[in-house]
Amino acid sequence: MGEPSERPRDGGPVASAAVQDREPALRDDCPQEERREPQPGPRSREREPGPRSGGPRGAVPAFVWALPPVALLGLVFLYPLALVVQQSVRPDEGGTSLQPYADVFGSASFREALGTTVWLAVGATVGCLVLGFALALIIAFVPFPGGKAVARFIDVFLSFPSFLITLALLFVYGTKGMANGLWTDATGTSGDGPFQFLTTPWGVLLAEVTYFTPFVMRPLLAAFSQIDTAQLEVASSLGARPLRVVRKVILPEALPALAAGGSLVLVMCLNEFGIVLFTGAKDVTTLPMLVYSKAMLESDYPAACVVAVVNIVISVGLYGLYRVVSRRAGA
């Protein structure tokens with residue numbers, strides 16, 4: 001008998017061939033999910049090339065979109081201002097010179113107008129701060145019927161033109177106004193009544209305080225709304241009087257709002273033209289009125305432009321101060 005043939009280990013070549021023949025059939029029988037090829041991990045993926053800016057290719061740079069509004073602003077606003085500055089150094093004799101500045105600064109009318117503008121603006125600002133603080137305290141902390149309606153009316157009042165308030169004061173305190181009419185009816189006298197102050201600097205001051213006080217009240221009301229009423233109750237329970245509560249608790253919280261509102265009122269009073277014009281105060285000459293007089297009545301355009309440049313410099317400086325104070329106040 002011959003020796004039995006040895007069986008191949010691990011199935012031998014025959015078994016391996018059979019397994020290889022069945023692999024395609026097994027792959028066909030497996031579900032799609034089980035035979036899905038493994039995806040490369042995030043580290044193995046190659047980074048797709050793209051623009052360094054991170055945006056799509058061919059995108060318009062951001063500064064290009066800013067060019068049209070900047071050009072429109074320069075054409076509508078900056079170009080006229082540049083013409084004013086240019087005209088201020090162009091005397092009537094021709095050429096370029098600083099002689100118009102020397103002539104204007106040396107004139108008594110300019111110094112008088114500058115002094116009148118400053119004291120009216122400062123006086124109106126102080127009056128607005130005092131009156132606005134008192135009225136805002138009442139509206140915010142003294143409950144009364146219609147308090148919310150009054151607070152909302154302040155926002156509406158801010159949209160009124162300045163000449164409207166001046167016209168209302170003329171109806172009340174003018175030469176033929178209600179106050180003088182009541183006086184003449186009560187006393188039986190003829191002629192004008194005793195209230196003739198509206199055409200004086202004090203009348204202009206009254207009109208500016210009346211018109212600009214809501215501009216102080218608005219930030220104050222916003223600041224008062226952030227005060228915790230528990231602090232006021234604790235201070236009152238400890239025996240603090242109302243004036244002490246206002247001085248120690250409310251006033252420190254209101255100082256930033258007072259500074260912001262006062263800065264804004266100061267800037268607006270320096271540039272106010274309509275109130276002075278509508279009161280008919282002929283002896284009151286401010287910087288805006290001097291610009292009007294030089295340009296429209298005297299046709300001295302270099303002098304008018306010099307005064308306008310001075311007014312612009314003062315206004316821009318005070319507006320910068322207002323922005324700094326407003327930023328610190330969180331307004």
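Formation of a donor-acceptor pair under 3.5 Å by the Ser293 side chain with backbone atoms of Leu290 is not found in this model. Counting only distance, with no hydrogens or angles, the side chain of Arg90 and the backbone of Pro302 share no donor-acceptor pair below 3.5 Å. At least one donor-acceptor pair closer than 3.5 Å links the side chain of Tyr211 to the backbone N or O of Phe160. With Ser315 contributing its side chain and Ile312 its backbone, the two residues share no donor-acceptor pair below 3.5 Å. Counting only distance, with no hydrogens or angles, the side chain of Asn180 and the backbone of Phe195 share a donor-acceptor pair below 3.5 Å. In this structure a side-chain-to-backbone donor-acceptor pair under 3.5 Å is present from Thr166 to Ser162.
In the hydrophobic clustering of this structure, Val246 groups with Leu255; members are Ile, Leu, Val, Met, Phe, Trp, Tyr whose side-chain heavy atoms approach within less than 4.5 Å, directly or through other members. The hydrophobic cluster containing Val104 also contains Leu98, counting ILVMFWY residues as joined when their side-chain heavy atoms lie under 4.5 angstrom apart, directly or transitively. Grouping the Ile, Leu, Val, Met, Phe, Trp and Tyr side chains by contacts below 4.5 angstrom, directly or via other members, places Leu232 with Leu251. Val76 and Leu83 fall into different hydrophobic clusters, where Ile, Leu, Val, Met, Phe, Trp and Tyr residues are linked whenever their side-chain heavy atoms come under 4.5 Å apart, directly or through other members. With hydrophobic clusters built from ILVMFWY side chains whose heavy atoms lie under 4.5 angstrom apart, Met268 shares a cluster with Leu277.
Atom CD1 of Ile314 sits about 9.0 Å away from atom CG of Asn271, to the nearest 0.5 Å. Considering NZ of Lys294 and SG of Cys305, their distance stands at 12.5 Å, rounded to 0.5 Å. Summarising the geometry, atom CG belonging to Leu72 is positioned 12.5 Å from atom CG belonging to Leu67; distances are rounded to the nearest 0.5 Å. A distance of 11.5 Å separates CD in Glu272 from OG1 in Thr117, rounded to the nearest 0.5 Å. Of the inter-residue distances, the one linking Ile250 atom CD1 with Arg244 atom CZ reads 13.5 Å to the nearest 0.5 angstrom. The distance from the CZ atom of Arg323 to the CG atom of Leu264 is 10.5 Å, given to the nearest 0.5 Å.
Side-chain contact between Val249 and Glu253: absent, with no pair of heavy atoms (C-beta onward) separated by less than 4.5 Å. You'll find the side chain of Pro100 reaches within 4.5 Å of the side chain of Pro91, heavy atoms only. Side-chain contact between Leu137 and Phe224 is present, with at least one heavy-atom pair separated by less than 4.5 Å. For the pair Pro201 and Trp119, the minimum side-chain heavy-atom distance is below 4.5 Å. You'll find the side chain of Leu131 stays beyond 4.5 Å of the side chain of Val216, heavy atoms only. Side-chain contact check for Arg218 versus Asp155: some heavy-atom pair is nearer than 4.5 Å. Ile139 is listed as a side-chain neighbour of Met217, based on a closest heavy-atom distance under 4.5 Å. The shortest distance between side-chain heavy atoms of Leu114 and Val118 falls below 4.5 Å.
Heavy atoms of other residues, nucleotides or ligands lying less than 6.0 angstrom from CZ of Phe141 number more than 12. Other residues, nucleotides and ligands place more than 12 heavy atoms under 6.0 Å from the CZ atom of Arg247. Atom CG of Asp283 is surrounded by 12 or fewer heavy atoms from other residues, nucleotides or ligands within 6.0 Å. Crowding of Leu243 atom CG: a count of heavy atoms from other residues, nucleotides or ligands under 6.0 Å not exceeding 12.
Summarising the geometry of Phe144 relative to Ile138, their closest heavy-atom pair is CE2-O, 3.9 Å, with the distance given to 0.1 Å. Listed here is the closest heavy atom pair of Ser225 and Ala222: OG-O, 2.6 Å. Closest heavy-atom contact between Ala179 and Tyr173: CB-CD2, 4.3 Å. Looking at every heavy atom in both residues, Val284 comes nearest to Val276 through O-CG1, 3.7 Å. Taking all atoms of both residues into account, the shortest heavy-atom contact from Ala235 to Val245 is CB-CG2, 4.0 Å. Across Phe215 and Val265, no two heavy atoms sit closer than the pair CB-CG2, 4.0 Å.
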Check: Please walk me through it: do Val310 and Phe105 pass side-chain contact (heavy atoms from CB on, under 4.5 Å)?
Finding: CA-CA 10 Å; Val310 173; Phe105 292 164; 3.7 Å; yes
Notebook entry, point to check: side-chain contact (heavy atoms from CB on, under 4.5 Å) between Thr116 and Thr285: does it pass, once the steps are laid out?
Noted result: CA-CA 7 Å; Thr116 303; Thr285 303; 6.0 Å; no
Next item on the list: Would you please test Thr279 and Leu170 for side-chain contact (heavy atoms from CB on, under 4.5 Å) and show each step?
Entry: CA-CA 7 Å; Thr279 53; Leu170 286 175; 5.6 Å; no
Item checked: Audit row: Tyr101, Val89, side-chain contact (heavy atoms from CB on, under 4.5 Å) steps and yes/no -> CA-CA 8 Å; Tyr101 283 87; Val89 294; 3.8 Å; yes
